[in-house]
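Read through the structure below, which is laid out as C-alpha cells, and then see the notes.
Reckoned from all heavy atoms, side chains included, excluding hydrogens, waters and symmetry mates. This one's a predicted model, so the numbers in the text were calculated from it and none came from an experiment.
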Amino acid sequence: MKVIFLTDVKGQGKKNQVVEVSDGYAKNFLIPRKLAKPADAQSLNDVKVKAEALEYRIATEKKEAQELAARLKEIVVVINAAGGSDSRLYGSITSKDIADALKASHGIDIDKRKISLADPIKAYGTYQADVKLYTEVTGKITVRVEK
C-alpha cells in the first residue's frame with residue numbers, strides 16, 4: 001500500500017514522502033497513529049503542490065539574498081570609535097557594532113550572528129567582513145573605523 005508520511009518515521013521515511021509499505025503496517029500502525037495517510041490522487045497532488053511552492057519560496061529567497069549581497073559589496077560602513085594615541089582602539093569593534101551601524105546608516109537589517117570577522121577589529125582602518133545571507137550565498141561588506 002502506498003502512503004504519504006505526515007511526520008518523519010524512523011527507518012521508513014521523511015514527512016511528505018510517498019512510500020510503499022505493507023498493508024497491515026499501514027492500516028494497523030501508521031494510519032491510526034496519524035503518521036501517514038493513504039496515497040490517493042488528491043493526496044499526491046497536494047504533496048506535489050507543496051513541493052513546488054517550497055521550491056519557489058527557496059528560489060525567491062535565494063534571489064533576494066544574491067541581490068542583497070550585490071548591494072552590500074558597494075556599501076562602506078563607517079564606525080566612529082575612541083582610541084589611544086597609538087591608533088589602537090580602547091575596545092574592539094564587534095559584529096553587533098557593524099550590524100547597528102549598517103541599520104542606522106543604510107537601513108539594512110542583518111542579524112549580528114550572520115556577520116563574521118576574520119580577526120577582531122582593534123585598530124583604525126578599513127576591514128572586510130563576511131555576511132552569510134543564505135545557504136551558499138555570502139556577501140562581503142567593507143567596514144571603515146575612524147576617530
Side-chain angles (χ1 to χ4, degrees), residues 2-21 26 29-147:
K2 280 193 174 189
V3 294
I4 300 171
F5 287 121
L6 301 175
T7 60
D8 292 350
V9 178
K10 188 174 181 178
Q12 296 297 321
K14 301 257 183 213
K15 182 178 180 179
N16 291 330
Q17 188 176 11
V18 180
V19 178
E20 181 78 29
V21 295
F29 184 76
L30 294 174
I31 295 172
R33 288 186 168 82
K34 304 216 185 302
L35 298 174
K37 63 182 178 180
D40 57 358
Q42 179 65 36
S43 299
L44 291 172
N45 191 33
D46 289 345
V47 169
K48 182 181 171 189
V49 169
K50 284 181 186 178
E52 289 173 354
L54 179 65
E55 287 178 25
Y56 177 75
R57 185 176 56 84
I58 288 172
T60 56
E61 287 176 357
K62 191 170 186 175
K63 182 182 175 196
E64 290 173 0
Q66 289 170 341
E67 291 171 359
L68 183 59
R71 255 179 76 197
L72 287 176
K73 201 179 292 185
E74 307 295 324
I75 292 176
V76 176
V77 176
V78 179
I79 298 176
N80 296 318
S85 60
D86 59 346
S87 75
R88 293 196 41 88
L89 300 175
Y90 287 136
S92 64
I93 303 297
T94 63
S95 59
K96 182 180 183 332
D97 297 328
I98 296 170
D100 291 342
L102 187 63
K103 172 93 171 160
S105 62
H106 299 287
I108 299 173
D109 190 18
I110 294 179
D111 188 18
K112 68 178 183 177
R113 294 173 291 215
K114 295 187 178 197
I115 299 172
S116 64
L117 298 167
D119 295 317
I121 300 175
K122 295 186 177 189
Y124 296 113
T126 305
Y127 301 91
Q128 289 285 327
D130 291 331
V131 181
K132 184 159 176 61
L133 299 169
Y134 198 73
T135 306
E136 300 174 4
V137 179
T138 304
K140 293 217 180 268
I141 189 167
T142 305
V143 180
R144 189 170 65 224
V145 182
E146 298 177 345
K147 288 186 182 183

(message) Less than 4.0 angstrom from a charged side-chain N to a carboxylate O is my criterion; do R57 and E61 meet it?
(response) yes
(message) Run the side chain to side chain contact (heavy atoms under 4.5 Å, CB included) test on Q17 and Q12 for me, step by step, so that the C-alpha distance in whole Å, both residues' side-chain angles and the decisive distance to 0.1 Å come before the verdict.
(response) CA-CA 10 Å; Q17 188 176 11; Q12 296 297 321; over 6 Å; no
How long is the straight-line distance from [atom2] of [Y] back to [atom1] of [X], given to the nearest 0.5 Å?
X    : Y    : atom1 : atom2 : result
K132 : E136 : NZ    : CD    : 8.0 Å
N45  : K50  : CG    : NZ    : 11.5 Å
L6   : N16  : CG    : CG    : 8.0 Å
L30  : T7   : CG    : OG1   : 9.0 Å
N80  : R144 : CG    : CZ    : 9.5 Å
I79  : I98  : CD1   : CD1   : 5.0 Å

(request) With side chain to side chain contact (heavy atoms under 4.5 Å, CB included) as the test, would you mind laying out the steps for L72 and L133 before giving the verdict? (result) CA-CA 11 Å; L72 287 176; L133 299 169; 4.2 Å; yes
(message) According to salt bridge (Lys or Arg N to Asp or Glu O under 4.0 Å), who are the partners of E74, at least two apart in sequence or on a separate chain?
(response) none
Heavy-atom closest pair, residues [X] and [Y]:
X    : Y    : answer
R71  : H106 : NH2-O, 4.4 Å
F5   : A36  : CD2-CB, 4.0 Å
V21  : A26  : CG2-CB, 3.8 Å
A129 : I115 : CB-CG2, 4.2 Å
A81  : Y124 : O-OH, 3.1 Å
V18  : K2   : CG1-CD, 4.3 Å

(request) Would you check if P38 and I31 make a side-chain contact, meaning some heavy-atom pair closer than 4.5 Å? (result) yes
(message) Is any side-chain heavy atom of I108 closer than 4.5 Å to one of I75?
(response) yes
(request) Apply side chain to side chain contact (heavy atoms under 4.5 Å, CB included) to the pair Y134 and I58, showing each step before the final yes or no. (result) CA-CA 10 Å; Y134 198 73; I58 288 172; 3.7 Å; yes
(request) Determine whether more than 12 heavy atoms belonging to other residues, nucleotides or ligands lie under 6.0 Å from atom CD of E52. (result) yes
(message) Walk me through whether Q128 and T142 qualify under side chain to side chain contact (heavy atoms under 4.5 Å, CB included).
(response) CA-CA 5 Å; Q128 289 285 327; T142 305; 3.1 Å; yes
Donor-acceptor under 3.5 Å ([X] side chain, [Y] main chain):
X    : Y    : result
D97  : T94  : yes
Y127 : L117 : no
D8   : K15  : yes

(request) Would you tell me whether D46 and S43 have side-chain atoms, one donor and one acceptor, within less than 3.5 Å of each other? (result) no
(request) Hey, could you give me each pair passing salt bridge (Lys or Arg N to Asp or Glu O under 4.0 Å) that has a residue in residues 110-125? Not counting sequence neighbours. (result) D111-R113
